Amino acid sequence: NEQRNKASLWPFVAAGLAILLFILKSNSENWNPVVVPTLIIVFAILILWVRWHDNLGKLTVLFFDPDEETNALFKTLSSAVQNASNTRKLRSVANTSQYADSKYSAGASQGLKLVNASFYLGQAPGIVSNIVVPILTASKTTLAFYPDRVLAIQGKSVGAIAYKDLQAISRPSLFIEKESLPSDATVVDHTWEYVNKKGGPDKRFKDNRQLPVCQYNNLQIYTASGIDIRFMGSRAKGFDPLAQAIDIVRNQR
């Protein structure tokens with residue numbers, strides 16, 4: 001947290017050089033025409049260098065030398081995250097809402113606000129380690145799974161989560177797909193964008209299209225202290241190995 005909250009110098013350098021350039025340009029009537037463009041390029045390079053130096057100064061370096069048991073658990077978790085990352089449609093659930101009338105929501109009683117999410121192996125933002133780690137991103141939260149603990153990153157704040165406090169649940173879920181159908185989706189039924197009381201198409205709507213009902217997968221990762229992150233994936237049971245891997249690590253740590 002101290003590293004991430006260090007003050008950046010480059011905005012002050014940029015402001016100072018902009019003022020200096022304005023003063024020099026005001027007195028450049030007798031200068032060679034290439035002087036001012038050259039100064040702009042030099043000042044821009046200097047600003048970029050200071051910004052790079054600022055970012056370098058904020059990096060946190062972590063070094064791990066895990067024992068064989070920890071290394072085996074970490075590989076299991078990494079493989080599960082890599083497997084889950086192959087899901088064609090991967091989103092995080094920002095919030096849920098209840099529909100007042102399911103006739104206008106393709107028969108669904110609950111709506112989901114979905115935002116982009118990603119699963120990958122790499123480095124967490126602002127951290128450099130000697131190992132690649134599983135990373136889960138959901139909206140403004142990043143979970144980085146290290147051999148000894150999980151780091152939850154939100155903006156400039158970082159919190160540490162012990163594996164014994166982490167819970168993961170994978171559940172099947174029915175989802176009405178209004179976008180393009182992912183190639184790994186399992187279609188179990190069909191509905192209409194606007195339905196009548198009997199579940200058939202509401203003929204009052206001219207462009208009433210048929211929609212697939214898919215068996216998707218939900219993953220909830222949470223702690224008793226307040227972390228609650230939910231993902232939705234288009235592959236049925238696609239999150240099961242990851243939930244099982246987190247449970248194995250939690251019971252062994």
Side-chain angles (χ1 to χ4, degrees), residues 1-6 55 58-87 90-96 112-171 173 217-233 235 237-253:
N1 280 308
E2 289 176 359
Q3 289 290 95
R4 296 176 75 87
N5 285 282
K6 284 182 177 179
N55 291 334
K58 292 183 178 183
L59 283 177
T60 298
V61 179
L62 301 177
F63 182 83
F64 294 93
D65 186 17
D67 56 36
E68 290 186 7
E69 180 184 2
T70 301
N71 194 46
L73 291 172
F74 189 67
K75 284 185 176 180
T76 299
L77 183 59
S78 298
S79 297
V81 169
Q82 196 163 27
N83 177 270
S85 70
N86 294 324
T87 301
L90 178 60
R91 300 287 187 271
S92 66
V93 182
N95 57 57
T96 62
L112 304 178
K113 180 181 179 182
L114 303 175
V115 296
N116 288 334
S118 62
F119 290 8
Y120 62 95
L121 301 181
Q123 301 291 339
I127 301 174
V128 175
S129 173
N130 64 315
I131 57 174
V132 294
V133 299
I135 307 289
L136 275 57
T137 66
S139 186
K140 297 179 181 179
T141 302
T142 297
L143 295 180
F145 293 77
Y146 291 92
D148 59 341
R149 72 198 66 196
V150 180
L151 294 185
I153 304 169
Q154 292 181 327
K156 293 184 178 181
S157 299
V158 182
I161 305 170
Y163 277 104
K164 64 182 179 63
D165 298 327
L166 197 65
Q167 299 277 351
I169 299 176
S170 175
R171 301 186 183 95
S173 173
N217 195 195
N218 286 348
L219 175 68
Q220 181 183 10
I221 298 177
Y222 65 98
T223 66
S225 60
I227 289 289
D228 190 354
I229 301 175
R230 305 187 184 200
F231 297 94
M232 186 192 75
R235 180 157 51 109
K237 299 183 179 182
F239 295 136
D240 286 5
L242 177 54
Q244 293 167 6
I246 291 175
D247 190 56
I248 292 171
V249 175
R250 178 173 62 88
N251 291 326
Q252 294 293 325
R253 304 306 294 168

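Because the structure is predicted, anything quoted here is derived from the model rather than measured.
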Any heavy-atom pair between the side chains of [Y] and [X] that's under 4.5 Å?
X    : Y    : value
Y120 : P134 : no
N251 : V249 : no
L136 : I221 : yes
V61  : N130 : no
N116 : R91  : yes
Q220 : I229 : no
M232 : L114 : yes
S129 : Q123 : yes

For the residue pair T137 / S118, report whether a side-chain donor-acceptor contact shorter than 3.5 Å exists.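 Yes, because at least one side-chain N or O of S118 sits under 3.5 Å from a partner of the opposite role on T137.
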Does the side chain of T223 pick up a donor-acceptor pair with the side chain of D165 at under 3.5 Å?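 No pair is found: no donor N or O on one side chain lies under 3.5 Å from an acceptor on the other.
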Where the side chain of [X] meets the backbone of [Y], is there a donor-acceptor pair that is under 3.5 Å apart?
X    : Y    : result
N1   : V158 : yes
S79  : T76  : no
N217 : F239 : yes
S78  : F74  : yes
N218 : R171 : no

With rounding to the nearest 0.5 angstrom, report the [atom1] to [atom2] distance, [X] to [Y].
X    : Y    : atom1 : atom2 : result
S85  : L242 : OG    : CG    : 10.0 Å
I246 : S170 : CD1   : OG    : 10.0 Å
I169 : Q167 : CD1   : CD    : 7.0 Å

Start with the C-alpha distance between K6 and K58, add both sets of side-chain angles, then the distance that settles side-chain contact (heavy atoms from CB on, under 4.5 Å), and finish with yes or no. CA-CA 6 Å; K6 284 182 177 179; K58 292 183 178 183; 4.2 Å; yes
Could you tell me whether R4 atom CZ has more than 12 heavy atoms of other residues or ligands within 6.0 Å of it?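 Atom CZ in R4 is packed in, count exceeds 12.
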For Q82 and L121: C-alpha separation, side-chain torsions, deciding distance, then whether side-chain contact (heavy atoms from CB on, under 4.5 Å) applies. CA-CA 7 Å; Q82 196 163 27; L121 301 181; 3.8 Å; yes
Check the pair L59, I127 against side-chain contact (heavy atoms from CB on, under 4.5 Å), reporting the backbone distance first and the verdict last. CA-CA 5 Å; L59 283 177; I127 301 174; over 6 Å; no
How far apart are the closest heavy atoms of S92 and A138, and which atoms are they?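 For S92 and A138, the tightest heavy-atom pair comes out as CB-CB, 3.5 Å.
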Classify the ring geometry of F231 against F119: parallel below 30°, tilted from 30° to 60°, perpendicular beyond 60°.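 It falls in the perpendicular class, over 60°.
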Option from I248, L77, L73 for which side-chain contact (heavy atoms from CB on, under 4.5 Å) with Y163 holds: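 Single side-chain contact (heavy atoms from CB on, under 4.5 Å) partner of Y163 among I248, L77, L73: L77.
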What residue among V150, L166, L151, I153 forms side-chain contact (heavy atoms from CB on, under 4.5 Å) with L143?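 Passing option: V150.
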Salt bridge flag under 4.0 Å for residues R250 and D247: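 Salt bridge: yes.
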